[in-house]
K.L.:
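Dropping the structure in here first, questions after.
All values derive from a computational prediction rather than experimental measurement. Chain letters run A, B, ... following the sequence lines, proteins first and then strands; every chain starts at 1.
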Amino acid sequence: MGDSGFDITRARPVPRRFYDRDPRRVARELLGKVLARKHGRQLVAGRIVEVEAYMGVSDPAAHSAVGPTARNMVLFGPPGYAYVYFIYGNHYCLNVSCMPPGDAGCVLFRALEPVAGISKMFVARGLPVPNGNVRTTELRQLSSGPGRLTQALGITRARDNGKDLTRFSDLTILDDGFHAGRVVITPRLGITKAADAKLRYLLAGNLFVSGPRI
DNA sequence: TTATAGATTGCCT
DNA sequence: GGCAATCTATAAT
């Protein structure tokens, strides 16, 4: 097993109280956890290496800034649930709700390091499945970016919005005891409002983050 | 390696 | 009607 390999024998769902906190704290501590998708018996999973915190109604960049709507209502519910939205006519993005009901903080998943079901990820992404040794440059195409990782895991709004991520189901966040290394904090990407707030968290030196490696 | 434009859907004003 | 928490192809350096 490599140093970032997934230890399924130790994996436990991250409990709801973990998410019932400030999104910045949740974001930092989600690094190193595993996002796991089950397609029947097949496991497709990636280690969380990059996330962003969104701070609820007080955060101009957050979808919750406009108050509760049909689209964002999961964010105003209890912590530990999936908020999936569709963006730019092409992509889905996955968040997990934080804070108690009424407070709309959340964490956006931006990049995963593939750890299980890698050939399924290539298929889901519409990429050729490599034969023989898989190069890191090929692996990076699978889930380095919020739209890429949802496509690799088959996450859609219709299927997954509102799903409880703290229960064993077909979409769960797991802790396998992995110890994350140094964390780097930068401004969030792809936004125009509150663009200078440093709320993006990534693992230092990890090859699978989106954008330039740090 | 960096820069730019185009795709394409649905939420919100 | 405007525009978005993105990705990809293509072009130029």
K.L.:
Using a 4.0 Å heavy-atom cut-off, does A/Arg157 contact any base of the nucleic acid, only the sugar-phosphate backbone, or nothing at all?
P.N.:
nothing

K.L.:
What is the distance, to the nearest angstrom, from the OH atom on A/Tyr92 to the P atom on C/dA4?
P.N.:
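My rounded result for the distance is 20 Å.
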
K.L.:
Within the side chain of A/Glu138, is there an N or O that forms a donor-acceptor pair under 3.5 Å with the backbone of A/Arg135?
P.N.:
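Yes: the side chain of A/Glu138 pairs with the backbone of A/Arg135.
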
K.L.:
Between C/dC3 atom P and A/Ile191 atom CD1, what is the distance in whole Å?
P.N.:
17 Å

K.L.:
From the options A/Arg110, A/Arg188, A/Lys198, select the one residue that forms a salt bridge (charged side-chain N to carboxylate O under 4.0 Å, His left out) with A/Glu52.
P.N.:
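Running salt bridge (charged side-chain N to carboxylate O under 4.0 Å, His left out) over A/Arg110, A/Arg188, A/Lys198 with A/Glu52 returns exactly one hit, A/Arg110.
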
K.L.:
Got a sec: does the CZ of A/Arg159 have more than 12 other heavy atoms crowding it under 6.0 Å?
P.N.:
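Yes - once you tally the heavy atoms of other residues, nucleotides and ligands closer than 6.0 Å, there are more than 12.
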
K.L.:
Could you tell me whether A/Arg188 contacts a base, only the sugar-phosphate backbone, or nothing, with contacts defined as non-hydrogen atoms closer than 4.0 Å?
P.N.:
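No contact.
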
K.L.:
If you compare every side-chain N and O of A/His63 against the phosphate oxygens of C/dA5 (OP1, OP2), does one of them come in below 4.0 Å?
P.N.:
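Answer yes for this pair, as a side-chain N or O of A/His63 is under 4.0 Å from OP1 or OP2.
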
K.L.:
Could you tell me whether the side chain of A/Tyr85 has a donor or acceptor atom within less than 3.5 Å of a complementary atom in the base of C/dA5?
P.N.:
yes

K.L.:
According to the Watson-Crick and G-U wobble definitions, with both distances under 3.5 Å, which nucleotide is paired to B/dA3?
P.N.:
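Its partner is C/dT10 (Watson-Crick or G-U wobble, both distances under 3.5 Å).
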
K.L.:
Taking OH from A/Tyr88 and C1' from C/dA5, how many angstroms apart are they, rounded to a whole number?
P.N.:
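Computing the A/Tyr88:OH to C/dA5:C1' distance gives 7 Å.
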
K.L.:
A/Gln151 has an atom CD; how far is it from atom P of C/dT6, in whole Å?
P.N.:
15 Å

K.L.:
Suppose we define a pair by two distances each less than 3.5 Å, Watson-Crick or G-U wobble; what does B/dT8 pair with here?
P.N.:
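The answer is none; no pair meets the criterion.
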
K.L.:
Given ring pair (Phe, Tyr, Trp, His ring centres under 6.0 Å), test A/Tyr83 with A/Tyr81 step by step and report yes or no.
P.N.:
CA-CA 7 Å; A/Tyr83 169 55; A/Tyr81 288 82; over 10 Å; no

K.L.:
Side-chain N or O of A/Arg125 versus OP1/OP2 of C/dC7: is the shortest distance under 4.0 Å?
P.N.:
no

K.L.:
Measuring from the side chain of A/Val66 (C-beta onward, heavy atoms only), which nucleotide among C/dT8, C/dA5, B/dT13 has the closest atom?
P.N.:
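Side chain of A/Val66 sits closest to B/dT13.
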
K.L.:
Under the 3.5 angstrom rule, does the side chain of A/Asp103 hit a backbone N or O of A/Met99 as a donor-acceptor pair?
P.N.:
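Not a single qualifying donor-acceptor pair exists.
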
K.L.:
I need the CZ-C1' distance between A/Arg140 and C/dT8, as an integer number of Å.
P.N.:
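The distance from CZ of A/Arg140 to C1' of C/dT8 comes to 15 Å, rounded to the nearest Å.
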
K.L.:
Could you give the CD1-to-P distance, from A/Ile87 to B/dA7, as a whole number of Å?
P.N.:
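In whole Å, B/dA7 P lies 17 Å from A/Ile87 CD1.
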
K.L.:
Please figure out whether A/Lys193 or A/Gly147 has its closest DNA chain C nucleotide nearer the 5' end.
P.N.:
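Checking each residue's closest nucleotide, the 5'-ward one belongs to A/Lys193.
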
K.L.:
State which of C/dT8, B/dC12, B/dG10 makes the closest approach to the side chain of A/Phe86.
P.N.:
B/dG10

K.L.:
Could you state the atom-to-atom distance from CG of A/Asn90 to C1' of C/dA9 in whole Å?
P.N.:
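To the nearest whole Å, that distance equals 13 Å.
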
K.L.:
Without decimals, in angstroms, what is the distance between A/Asn72 CG and B/dG10 P?
P.N.:
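Between P of B/dG10 and CG of A/Asn72: 17 Å.
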
K.L.:
Where the side chain of A/His91 is concerned, which of C/dT8, B/dT9, C/dC7 is the nearest nucleotide?
P.N.:
C/dC7

